[in-house]
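The chains referred to below are lettered A, B, ... by the order of the sequence lines, with proteins before strands, and numbering in each begins at 1.
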There are 2 protein chains.
Amino acid sequence: MKVTLKDVANAAGLSVASVSRILTNRGRYSEVTAKRVRELAQEMGYYKNQNAADLSSKRSRVVGVVVPLIHTNFADEIIKGLYETTISSGYELLITYLDEDEDHQYQVFQTLLSRQVGAVFMLSLDIPSWMIDKLLEEQISVISLTALLSEQISAVTSNEFEMMNSIVDYLIDMGHKNIALVGDTKLTTNISSTRRTNFIKSMTDHNLAYENIFLYGNDHSYETGYTSVTTGYDINQLPFTAAIATADMVGQGLINAMSDHGKTVPEDLSIVTIDGLQQTEIARPKLTTVKQDFPEIGRIAMQLFLDSDSEKTEPQIIYIPTELIQRDSVLNLNSTK
Amino acid sequence: MKVTLKDVANAAGLSVASVSRILTNRGRYSEVTAKRVRELAQEMGYYKNQNAADLSSKRSRVVGVVVPLIHTNFADEIIKGLYETTISSGYELLITYLDEDEDHQYQVFQTLLSRQVGAVFMLSLDIPSWMIDKLLEEQISVISLTALLSEQISAVTSNEFEMMNSIVDYLIDMGHKNIALVGDTKLTTNISSTRRTNFIKSMTDHNLAYENIFLYGNDHSYETGYTSVTTGYDINQLPFTAAIATADMVGQGLINAMSDHGKTVPEDLSIVTIDGLQQTEIARPKLTTVKQDFPEIGRIAMQLFLDSDSEKTEPQIIYIPTELIQRDSVLNLNSTK
DNA sequence: TTGAAAGCGATACCAG
DNA sequence: CTGGTATCGCTTTCAA
């Protein structure tokens, strides 16, 4: 049988109350007995039942994390960030995965609630809105790490418009005019439609017309990048000179499609990706990218929660800086003239 | 305040006992009232406090997963597999990360115990043995998904020797004789020393001598692959014609190092990787690989636990088949003669 | 500084 | 079929 508080108390000749106080460093007690009790607990192999503790104290040091089951590896980076500040604060992470199945989604939601999480970090790009509503109803703070969901919801994320704008700016600077957005450009999810809109706005802000704007794809996959220039457009006469990939893998798909068809990057097509994870350094040519600081997003988000935990605070939006890293996948059209 | 069982019972004019029975579908009750209660619970926004339930029933449907913080993406694949069979069985996954810090490791261990997990799945390549010992002491079943830890511990994994042997076999078949194992070849962790040993054994089994055997690197990283032929050996006169990469990324590093120095794969170096994840299809040339079925490892492992949960069973070792996939990174030396 | 006792929310046994 | 109640392991007043 498991060793319980009571067992330790008996062995120590103390009451459970005292032992509890000692083991949680709460309340008053003498250091002498405390030392003895701690050693005893150790010897006896006592491990607190956190479920019972949470139940009794009516609070919980668990926060939920909702991750899309099919995720680009940015999720791992964010989790690393969350983990870092979580582990040093004594909180626990309850990581759950979200797939397309509605029953499963509900099950995940139930798990989150039934484990009394104090907050939920959303890494999913595509969260059912009912889940967010219900979470909010239950007074659980929701923090989005990938997009601005609404004004009631805190978010820690990159500044989408700034990212997109800096790319468009850079590309135009390099003499490009006809530019494609490749990857997830659909209108049905928050983040993809945001990017699509931002892209178009940024282009028109730069006095480019709709005929200079190209959109392709419904997801952030390698395949979408690949097929965009093979089945999507005629690779031998692409109507654009540069492509913005909504994820690194899309950019890699673009590169491979080009090289598999005897074309080269950046001579035949310039590419800038969004995310800036390892793949951009591995790719040949190395990919020019806007790098998001995912671990920092995780760290700051967790910190935000910890700070606001004490008092009820208003939803906040925090932007984590991004960086345009120039590598070898963009051709300067000005200098080739 | 949160809605509790009692609230629902009061509202329904029933006892908590009855409501509990209804909501857990256990014991006898009339369908008529049951329906009413279920609707009521729904309306009132009742969600069971699983902590309390677990405490009361003295069992727990939680299993722990220990993942290395720095992981190659195979961990994600395994988790997907675990998730699949976990979610349909009503169990929950408690995913924890393990880094190098000893204090953190102990904290993770405490979390696992204090949350009453019934089993722990180890995805880590480098697990502190004290953790395993203590887990076993506490009657928690440990299941390794990456290596054979010991006879007392169940494992669901690929057959390491078979994998290595099939590669060596294939390479020799292709006329190679001087072969390097690149990646994690150190002696200090279970899996890497196993591979090292298997590699050497397989080579000598094929009548090759120590002078035909080369070893390089201490981790499964891209960088290790890259530096192996740049700083490790003289890229202009490599003493081996083929390299076995202990992970896909190591192979990619090898490819890049070669091509960055004007060499080509497989003409100047043949490569076979272990793992067979997406990167092997993305690489150019596409990488020949021994593919491990990670999702299946996860699924079977979880199933193994579920099956054995009822009765105490002996530790089992289950091998999940692997597959040698021939692509474009190995040169047939016989035909070039 | 220490102890007694009342919960926390749910389960399960035992009556009714 | 339904209700009362002890219990799970721990925290937390309130007294002593």
S.K.: Which part of the nucleic acid, if any, lies within reach of B:Ala17 when heavy atoms closer than 4.0 Å are counted: base, sugar-phosphate only, or nothing?
M.R.: base
S.K.: Are more than 12 heavy atoms from other residues, nucleotides or ligands located less than 6.0 Å from atom CD of A:Gln110?
M.R.: yes
S.K.: Using the side-chain heavy atoms of B:Arg21, tell me which of these nucleotides is nearest: C:dG9, D:dG9, D:dG3.
M.R.: D:dG3
S.K.: Under 4.0 Å: is that the gap between some side-chain N or O of B:Thr33 and OP1 or OP2 of D:dT2?
M.R.: yes
S.K.: Around A:Glu31, counting heavy atoms of other residues, nucleotides and ligands shown, do more than 12 lie under 6.0 Å from its CD?
M.R.: yes
S.K.: Strictly by modelled atom types, are A:Gln292 and A:Ser158 linked by a side-chain donor-acceptor pair under 3.5 Å?
M.R.: yes
S.K.: Can you measure B:Tyr29 atom OH to C:dG16 atom P for me and round it to whole angstrom units?
M.R.: 25 Å
S.K.: So, is B:Ser15 near the phosphate of D:dG3, with a side-chain N or O under 4.0 Å from OP1 or OP2?
M.R.: yes
S.K.: OP1 or OP2 of D:dT11 versus the side-chain N and O atoms of A:Lys48: is any pair under 4.0 Å?
M.R.: yes
S.K.: Any side-chain donor-acceptor pair under 3.5 Å between A:Asn73 and A:Glu77?
M.R.: no
S.K.: To the nearest angstrom, how far is B:Asn10 atom CG from D:dG3 atom P?
M.R.: 11 Å
S.K.: Taking the side chain of A:Leu55 as its heavy atoms from C-beta onward, which of C:dA10, C:dC8, C:dA12 lies nearest to it?
M.R.: C:dC8
S.K.: Would you kindly give the NZ-to-P distance between B:Lys58 and D:dT7, to the nearest whole Å?
M.R.: 11 Å
S.K.: Which nucleotide in the set D:dC10, C:dC8, C:dA10 lies at the smallest distance from any side-chain heavy atom of A:Tyr46?
M.R.: D:dC10
S.K.: Considering every strand and a 4.0 Å limit on heavy-atom distances, what is the contact class for A:Arg26: base, sugar-phosphate, or nothing?
M.R.: sugar-phosphate
S.K.: Return the value, rounded to whole Å, for the distance between atom CG of B:Asn25 and atom P of D:dC1.
M.R.: 14 Å
S.K.: Between C:dA10, C:dG3, C:dG9, which nucleotide has the shortest distance from any of its atoms to the side chain of B:Leu5?
M.R.: C:dA10
S.K.: Please work out which of the three classes, parallel, tilted or perpendicular, describes the rings of A:Trp130 and A:Phe109, given edges at 30° and 60°.
M.R.: perpendicular
S.K.: What is the distance, rounded to the nearest whole Å, between atom CG of A:Leu23 and atom P of D:dC10?
M.R.: 9 Å
S.K.: Within this structure, what is the CG-to-P distance between B:Asp54 and C:dT11, rounded to whole angstrom?
M.R.: 9 Å
S.K.: Can a side-chain donor-acceptor contact be found between A:Asp103 and A:Gln107 if the only test is distance below 3.5 angstrom?
M.R.: no
S.K.: Would you mind reading off the distance between B:Gln50 atom CD and C:dG9 atom C1', rounded to a whole angstrom?
M.R.: 11 Å
S.K.: Give the rounded distance in Å between these two atoms: NZ of B:Lys2 and P of C:dA10.
M.R.: 11 Å
S.K.: Take B:Ser30 and A:Asn49, find for each the nucleotide of DNA chain D with the closest heavy atom, and name the residue whose nucleotide sits nearer the 5' end.
M.R.: B:Ser30
S.K.: Return yes if the base of C:dG7 and the side-chain atoms of A:Ser56 contain a donor-acceptor N/O pair under 3.5 Å, otherwise no.
M.R.: yes
S.K.: Counting the atoms with a prime plus P, OP1 and OP2 as sugar-phosphate, which does A:Ser20 contact under 4.0 Å by heavy atoms, base, sugar-phosphate, or nothing?
M.R.: base
S.K.: Could you check which of C:dT1, D:dT2, D:dG9 has an atom nearest any side-chain atom of A:Arg28?
M.R.: C:dT1
